[in-house]
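Being a predicted model, the structure only gives us computed values, none of them experimental. Note that these values count all heavy atoms, side chains included, but never hydrogens, waters or copies made by symmetry.
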Amino acid sequence: MGGNKLNNFKHGTTTLGFVFKEGILLAVDSRASMGSFLSSEQVRKVIEINEYLLGTMAGGAADCQYWLAYLANHCRTYELKNGSKLSVAAASKFLQGILIGYKNSGLSMGCMIAGTDLSGQHLYYIDNDGMRLKGDIFSVGSGSTYAYGVLDNHYRYDLSLNEAVELGVRAIYHATHRDTASGGVVRVYHIHQNGWTKVHDGIDVVDLHYKFAQQKGLVGDGDEAKQRLF
Amino acid sequence: MYIPVNEVQKHFKSETPMMSNITHKSDQWSPYHDNSGTVLAIGIPGAVLVAGDTRLSNGYNILTRDATKLSQLTDKCVLATAGQYADFIALRKFLQQRLQLYEFQNEVQASTQTVAHLLSRELYSRRFFPYYTFNLLAGLDENNHGVVYGYDAIGSYDQMTYGVQGSGQELVVAVLDNQLKGYNKINKTFPQTQQEILDLILDCFSCAAERDIHTGDNVEILIITPTGTERIVKPLRKD
C-alpha cells in the first residue's frame, strides 16, 4: 500500500435493486476496500434514510453516508414544514441537484434511492455525474456486471417475495464470487406500501457458496479438505 | 539482426536509459506528512481498550519516541489517530473545544455515539482538503458496553468490536481477525477476560514492531471502564 493513502477512499461494491409486484427488493454486499486492503467486511451499504426511504451506497463511502444523511435531514424538515412526506421522485431529485452542484469536484457516488409514497414504490439511480434515472432493475458497483447477468436471466415482474429475495441473494453471491472488491455478507431489504423491512441482516457469502454447490450436487462442503489437512 | 551504421541511433535512442531520456518528476511541496505508527482498539462488555505506539516518524527519520496518539475526549471515549500528527492535534483541539461547549450547553457529557457523529461531520467538512488522519473512536455506549468506530480520512464510519489503523494495520488486523473473530481457526477459543485482551494487544504490538519500521519504542494502553481510566505503558523495540 504505497503511494498516496489519502486517495484510497473506500470503494468497490455490488448493490442491486429491482421493482416487482410485491414492491422493491434491495440487496447489497458488505465489503469495503482501501486500495488492495480490506478495511471492513461488515459495512452497512443500505442507509435507512427514514421509515419509507432507503438509499444504497456505492463509490465513496463517506460521500454516500454524508449526503444520504443530509437527504434524511431534508426529508424530515419538509415533513414538519409541509405536513406531508416527500415523494421518492422529489427526494431523488433533491439529491441530484446537490450532486450537479459538486460535479467534477471529485465526489464519487453511485446510489439507488428506493422508497414508497402515495403513488407506489419507486426506484431511482443517482450518480455523481448528475445522472438520475427511474427504472425497474439497477445494479451498481464493481460487481454490477456479474449481478446483472444473474438478474437479467431470472427477473420477472410477477416474482413472489421469496423468489425475489432468492434472486437478489443469488445475484450478489455471484458478484462476490467473481469480483475481488465485493464480498462479506449479503443484506436484503424489501420496500412495500407500508415502508421497508429488513429481510436479511447478513448472510455470509461463503456459506452461500457451499449451499449453492450442494444444490448443484457438489457435496465437498469443506469436510473433505478438513479431513485431509487435519 | 543487422542494422546499418547510419540507422543505429534510430533503433537504440529511445530504449537506452541515458540521462537525456530520463524525465525527473519535480519535487512538489506537499502539505501532508505521514508520521505513521499504529493504533488499535478492542471493545468488550464493560470496557474498551485502546492502544497506540509512541513513535513519530517522517520517512526514515524518527522525530520522537515519546508522543501519544491517544486523546481522551470525554470520561467515556478516547480518540486514537494514526497519520499526520499536525492534523491529529488540530482535530483533537476542535473536538475538545466543541465537546466542552456541548457540556456547558447540555449539562452532561456527550455520549460516544454523539462524538462519533461529530467526528464524521468534522472530517467531511474538509472533504476537498482532508485531514490526513486515520481515526478510531473507542468508548463505552449507553449500556457501558465497549464500542469502536473506525473512520477513513474523509469521515465514513462504522461501528465495530475492534479496529486497527496506521502503518501496522495490515499486520495486526489479520491477527485480531483470527483471535477475536475466529476466522480460519479450527479450535475457536476466544480471550474472555480483560487481562487476556491486554496480553493480546501487547503481543500484537510486539509483532507490529518486529515487521513495521514505523512502529516501536513504547506502547501506551488506555483501559476505559465505567469506574475510570487506567493507563499502562510498556516498552517495545527501539530499532
Side-chain angles (χ1 to χ4, degrees), chain A residues 1-13 30-47 57-70 72-73 98 102 104-109 128 183-185 187 202 204 206 222-223 225-227 229-230, chain B residues 28 30-36 59 82-84 87 116-117 119-136 148-174 176-177 181 183-187 212 214:
Chain A
M1 253 188 67
N4 191 359
K5 287 201 280 194
L6 270 186
N7 287 327
N8 276 346
F9 306 146
K10 299 178 179 184
H11 285 80
T13 187
S30 67
R31 177 170 286 185
S33 46
M34 280 171 70
S36 62
F37 178 67
L38 278 185
S39 53
S40 177
E41 289 271 70
Q42 304 288 334
V43 178
R44 297 197 167 271
K45 295 188 186 177
V46 175
I47 292 164
M57 181 201 296
D63 294 331
C64 291
Q65 274 187 3
Y66 184 87
W67 289 111
L68 289 176
Y70 188 86
N73 185 291
I98 294 170
Y102 281 98
N104 294 330
S105 69
L107 289 190
S108 170
M109 286 168 73
N128 52 274
V185 301
R187 301 193 210 273
D204 197 325
V206 174
D223 279 345
K226 237 193 247 180
Q227 278 163 22
L229 289 173
F230 300 105
Chain B
Q28 221 208 345
S30 165
Y32 293 117
H33 302 275
D34 186 2
N35 300 121
S36 313
Q84 183 166 351
D87 279 352
H117 196 63
L119 176 55
S120 173
R121 298 219 134 200
E122 177 57 18
L123 291 170
Y124 199 81
S125 73
R126 290 270 297 265
R127 170 65 176 80
F128 301 112
F129 179 17
Y131 286 103
Y132 193 151
T133 54
F134 301 95
N135 298 289
L136 290 171
V148 176
Y149 295 91
Y151 296 77
D152 68 359
I154 47 171
S156 113
Y157 75 112
D158 217 356
Q159 187 174 330
M160 332 189 283
T161 43
Y162 62 92
V164 193
Q165 293 280 17
S167 53
Q169 180 183 32
E170 293 90 336
L171 292 168
V172 174
V173 78
L176 293 184
D177 285 341
K181 279 252 166 79
Y183 286 171
N184 303 305
K185 219 176 179 192
I186 303 295
N187 293 322
D212 175 26
H214 297 298

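Judged purely by atom type and a 3.5 angstrom limit, B:R127 has no side-chain atom pairing as donor or acceptor with the backbone of A:D63. Between the side chain of A:Q42 and the backbone N or O of B:M160 there is no donor-acceptor pair closer than 3.5 Å.
Taking both residues in full, the closest heavy atoms of A:Q65 and B:Y157 are given as NE2-O, 2.8 Å, listed atom of the first, atom of the second, then distance.
In this pair, A:W67 and B:Y124 present their aromatic rings perpendicular. The plane angle is above 60°, beyond the 30 to 60° band.
Contacts of B:R126 classified as salt bridge (charged side-chain N to carboxylate O under 4.0 Å, His left out), with partners at least two apart in sequence or in another chain: none.
Of the atoms belonging to B:V173, it is side-chain heavy atoms, and not backbone ones, that fall under 4.5 Å from chain A.
B:D158 contributes atom CG, which lies 9.5 Å from atom OG of A:S39 (distance to the nearest 0.5 angstrom).
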